[in-house]
Peer 1: 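Quick one: the structure is below, and I'll ask about it shortly.
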Amino acid sequence: RYDINPKTLQVTPGEYKLSGFDKAITLSEGVTKWSDIATEALQKTGQYSDDNLLRLLYQMQTESGGNPKAINLWDSNAKAGVPSKGLMQVIDPTFKDYAMNGYDTDIYDPMSNIIASIRYSVSRYGSLAKAWSGHGYATGTLGTKKDEWDILAYFPLAARIMGTKSLSQKRLLKLCSNLLEHILSH
């Protein structure tokens, strides 16, 4: 069903059909390179399944693009002085509360970041399927409306650019919306 090597549990870049999603998801090399660590983290937390592995990688793609040093300096958490960090964009208080013993000292460590995200997501939402839908956990990033995320789903790079000082969030959403309307009308 999936292009997951059973010996290495390595996921290759490409499109995947994932339960709970209407359309196929696309995973880039930027996140599939973390599939072995993601698999191990899911196993350590008792959450491993092929679907959860793909879901985790898709969430990672929308959160950090696979950059373990990613830091969000624009959303409501950042404005409150607690920016989200790492592969899964975890904030410091959440990391402190949900990190697993032995993986609780470095929020930027990929294994530690993923484990804290898994444990938080299961605790808060009951399952990874309910928590991870490809953006800002289950309810979306605070301050960003669902229709804005629908627009940004077509422009994954735009979602990551939103924090830059060169474009405001409102202006970037407007540009993406206009571009999408143009594409769909032709």
Side-chain angles (χ1 to χ4, degrees), residues 9-11 13 16 18 25-49 51-144 149 152-153 155-165 169:
L9 297 173
Q10 192 67 35
V11 178
Y16 294 86
L18 183 59
I25 62 167
T26 302
L27 298 176
S28 70
E29 186 176 350
V31 297
T32 59
K33 68 183 177 186
W34 297 106
S35 58
D36 56 341
I37 290 174
T39 296
E40 188 177 345
L42 287 163
Q43 290 170 338
K44 285 180 184 296
T45 57
Q47 296 297 315
Y48 182 82
S49 71
D51 272 359
N52 279 348
L53 176 58
L54 294 174
R55 192 176 307 283
L56 187 154
L57 294 172
Y58 186 58
Q59 186 70 26
M60 180 191 296
Q61 184 165 282
T62 59
E63 295 286 356
S64 69
N67 177 359
K69 298 294 183 187
I71 183 166
N72 182 325
L73 299 174
W74 64 268
D75 72 1
S76 60
N77 288 320
K79 289 176 184 170
V82 285
S84 47
K85 302 171 182 175
L87 287 171
M88 301 301 289
Q89 292 294 281
V90 177
I91 60 173
D92 289 330
T94 300
F95 183 77
K96 182 179 181 239
D97 290 345
Y98 291 94
M100 182 180 280
N101 193 25
Y103 300 94
D104 55 357
T105 60
D106 183 3
I107 196 169
Y108 291 106
D109 170 62
M111 180 68 75
S112 301
N113 191 276
I114 293 170
I115 287 174
S117 178
I118 292 168
R119 292 175 59 155
Y120 164 77
S121 298
V122 171
S123 173
R124 174 78 168 90
Y125 299 100
S127 73
L128 299 179
K130 290 179 184 173
W132 292 340
S133 57
H135 55 72
Y137 296 97
T139 56
T141 298
L142 294 175
T144 305
W149 279 112
L152 290 174
F155 304 97
L157 181 59
R160 291 197 314 230
I161 294 172
M162 286 176 81
T164 68
K165 298 197 187 289
Q169 179 179 358

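Worth knowing before you read on, the calculation uses all heavy atoms, side chains too, and leaves out hydrogens, waters and symmetry mates.
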Peer 1: Taking all atoms of both residues into account, what is the closest heavy-atom pair of L73 and A78, and its distance?
Peer 2: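 Smallest interatomic distance, heavy atoms only, reads C-CB, 3.4 Å.
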
Peer 1: State the CG-CH2 distance between L54 and W132, to the nearest 0.5 angstrom.
Peer 2: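 Output value for this atom pair is 12.0 Å.
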
Peer 1: Side chain of S117, backbone of N113: donor and acceptor closer than 3.5 Å?
Peer 2: no

Peer 1: List for me each residue that meets salt bridge (Lys or Arg N to Asp or Glu O under 4.0 Å) alongside D92, sequence neighbours excluded, and say none if there are none.
Peer 2: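 D92 satisfies salt bridge (Lys or Arg N to Asp or Glu O under 4.0 Å) with K85 only.
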
Peer 1: Just wondering, do V11 and Y16 contact through their side chains at under 4.5 Å, heavy atoms?
Peer 2: yes

Peer 1: Could you tell me the separation between the OG1 atom of T45 and the CG atom of L128, rounded to the nearest 0.5 Å?
Peer 2: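 Here the rounded value is 7.0 Å.
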
Peer 1: In the structure I gave you, are the side-chain heavy atoms of Y125 and Y120 within less than 4.5 Å of one another anywhere?
Peer 2: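 With C-beta onward as the side chain, the pair touches.
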
Peer 1: When you compare the side chain of W74 with that of N72, does any pair of heavy atoms fall below 4.5 Å?
Peer 2: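 In short, these two side chains touch, coming nearer than 4.5 Å.
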
Peer 1: Decide yes or no for L87 and N67: does some side-chain heavy atom of the first lie under 4.5 Å from some side-chain heavy atom of the second?
Peer 2: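 With C-beta onward as the side chain, the pair stays apart.
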
Peer 1: From the options R55, E63, Q61, select the one residue that forms a side chain to side chain donor-acceptor pair (under 3.5 Å) with Q59.
Peer 2: E63

Peer 1: Which is it for S84 and D75 under the side chain to side chain contact (heavy atoms under 4.5 Å, CB included) test, yes or no, and what are the steps along the way?
Peer 2: CA-CA 9 Å; S84 47; D75 72 1; 4.2 Å; yes

Peer 1: Would you say S28 and P13 make side-chain contact, with heavy atoms under 4.5 Å?
Peer 2: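 No; the side chains remain at least 4.5 Å from each other.
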
Peer 1: Please round to the nearest 0.5 Å and tell me the distance separating atom CE of M88 and atom OG of S121.
Peer 2: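 Spacing of CE (M88) from OG (S121) equals 6.5 Å.
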
Peer 1: Any chance you could measure L42, atom CG, to I115, atom CD1, to the nearest 0.5 Å?
Peer 2: 9.5 Å

Peer 1: So, do T39 and Y48 sit near enough that their side-chain heavy atoms are less than 4.5 Å apart?
Peer 2: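 Answer yes - side chains close enough.
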
Peer 1: Is the shortest heavy-atom distance from the side chain of I107 to the side chain of I91 under 4.5 Å?
Peer 2: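 I107 does not reach I91 side chain to side chain.
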
Peer 1: Pairs of donor and acceptor atoms involving the side chains of residues 94-105, under 3.5 Å and at least two apart or interchain, shall be tabulated with distances.
Peer 2:
residue, atom, partner, partner atom, Å
Y98, OH, S123, OG, 3.4
Y103, OH, K44, NZ, 3.1

Peer 1: N52 and A129: which non-hydrogen atoms are nearest, and at how many Å?
Peer 2: OD1-N, 4.5 Å

Peer 1: Give a yes or no answer on whether the side chain of Q89 reaches the backbone of A70 with a donor-acceptor pair at less than 3.5 Å.
Peer 2: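 Pair found, side chain donor or acceptor close to backbone of A70.
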
Peer 1: Return the set of residues passing side-chain contact (heavy atoms from CB on, under 4.5 Å) with T26 (not counting sequence neighbours), or none when no residue passes.
Peer 2: E15

Peer 1: Just how far is it from atom CG of L27 to atom OG of S35, taken to the nearest 0.5 Å?
Peer 2: 9.5 Å

Peer 1: Please tell me if the side chains of I114 and M60 come closer than 4.5 Å, counting only heavy atoms from C-beta onward.
Peer 2: yes

Peer 1: Does W34 use its side chain to pair, donor to acceptor, with the backbone of L57 at less than 3.5 Å?
Peer 2: no

